[in-house]
Amino acid sequence: MSFCLHTGVPGRSRCSSPGPPVQPLGLPLAGFRKGCCSHGEQRESAEEGAKVSLMSPDQLRNKFPWINTEGVALASYGMEDEGWFDPWCLLQGLRRKVQSLGVLFCQGEVTRFVSSSQRMLTTDDKAVVLKRIHEVHVKMDRSLEYQPVECAIVINAAGAWSAQIAALAGVGEGPPGTLQGTKLPVEPRKRYVYVWHCPQGPGLETPLVADTSGAYFRREGLGSNYLGGRSPTEQEEPDPANLEVDHDFFQDKVWPHLALRVPAFETLKVQSAWAGYYDYNTFDQNGVVGPHPLVVNMYFATGFSGHGLQQAPGIGRAVAEMVLKGRFQTIDLSPFLFTRFYLGEKIQENNII
Ligand SMILES: Cc1cc2nc3c(=O)[nH]c(=O)nc-3n(C[C@H](O)[C@H](O)[C@H](O)COP(=O)(O)OP(=O)(O)OC[C@H]3O[C@@H](n4cnc5c(N)ncnc54)[C@H](O)[C@@H]3O)c2cc1C
């Protein structure tokens, strides 16, 4: 958030969407769930400099009288440097900034890698094949032709499609249970976002609220509109083949939770909705950052499972450090390396919504 507030990258005048780039009115309020915002997590956040406080149901009711605290054990309330911003605005701002610094963009679909292989023996005499990518084939828009692009480094930031890109480079092509046979466990998961109108809904001081049920919402603008949703359970996972919105999902699986938590939402009216893909890491729902151990010049920045936007500035810096200096410098992100999939070392993310 401080990246958005202080760098001014996604400047308002250069962004097509209306409103300020950062909306700091209202502060995130998370984890109404027992165990979700544990004292341990709160202590960890505080140690990292986040200004969060834990609130009892009574304190919560006093501060936000529109909340029904039924089933709430504890709430975690962010008091500083919290808010929300328009992701498209951030992306366009960053694009323009790096273009002004000389970065060239070439748009097309990566369809093939050309690489060389070298057979090596590990210290315990196991044979491994190291690969280095030399050329990327990029299919241009509305054309059957491709452009061969020589490269020293490939950064796989293909989001929900990053496992396909990894497979093109040979990641996971090997006997099961070996490093060579370990696939990138990232897949597209379809998620819906709904916008509703509710003149009786909570006012301008409303923070982003994440409920015990996994339902979440925040205000959208100043006209009594709200934006929110809820991730489906494993059993409810929709088919990711298309981006059609399931309106029944809101009626049956989202709205009842919203109306229970905020009784004023009994009368809400849905105005619009859209669907998008999470780059869902099925292993531990966390990002994958840094080089592949065997395809030595492919670096990952993927698998963020619905929280990649807020991590993007830090991830960008970490990947840049890894590429330029060969190691993480500012923040040690080594627990997020690809090798954890082979070693079975989860960095479980419990708080995705
Ligand atoms: C409904 C929804 C709500 C979300 N809410 C939040 C939130 O509140 N907070 C938060 O932090 N995050 C949120 N996220 C997650 C966030 O949007 C993602 O983590 C983030 O967009 C990931 O960015 P990315 O650049 O890694 O991948 P993407 O934005 O998915 O970009 C990947 C790019 O790779 C391209 N690509 C794919 N295959 C190829 C190929 N073969 N060749 C060339 N290019 C290719 C794609 O076209 C795309 O442009 C949400 C996501 C969804 C869907």
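Note that the structure is a prediction, hence the values are computed from the model and not measured. One-based numbering, in listed order, for ligands and for the atoms of each. Quick note: residue numbers are just sequence positions, from 1.
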Donor-acceptor side-chain pairing of E321 and T330 below 3.5 angstrom: yes
Nearest heavy atoms of S100 and K97, plus distance in Å: OG-O, 2.6 Å
Pair N225-H197, side-chain donor/acceptor within less than 3.5 Å: yes
F283 six-ring face occupied by K346 cation (under 6.0 Å, within 45°): yes
Donor + acceptor pair across side chains of Q200, W66 (<3.5 Å): no
For ligand 1, find each of its N or O atoms that sits under 3.5 Å from a protein N or O atom, and tabulate the pairs with distances to one decimal place.
from, atom 1, to, atom 2, distance (Å)
ligand 1, 9 (N), Q310, NE2, 3.2
ligand 1, 11 (O), H307, O, 3.3
ligand 1, 11 (O), L309, N, 3.0
ligand 1, 11 (O), Q310, N, 2.8
ligand 1, 11 (O), Q310, NE2, 2.8
ligand 1, 12 (N), G306, O, 3.1
ligand 1, 12 (N), L309, N, 3.4
ligand 1, 14 (N), G306, O, 3.4
ligand 1, 19 (O), G308, N, 3.0
ligand 1, 41 (N), V110, O, 3.2
ligand 1, 42 (N), V110, N, 2.8

side-chain contact (heavy atoms from CB on, under 4.5 Å) involving D124 - partner list, sequence neighbours excluded: T122, K126
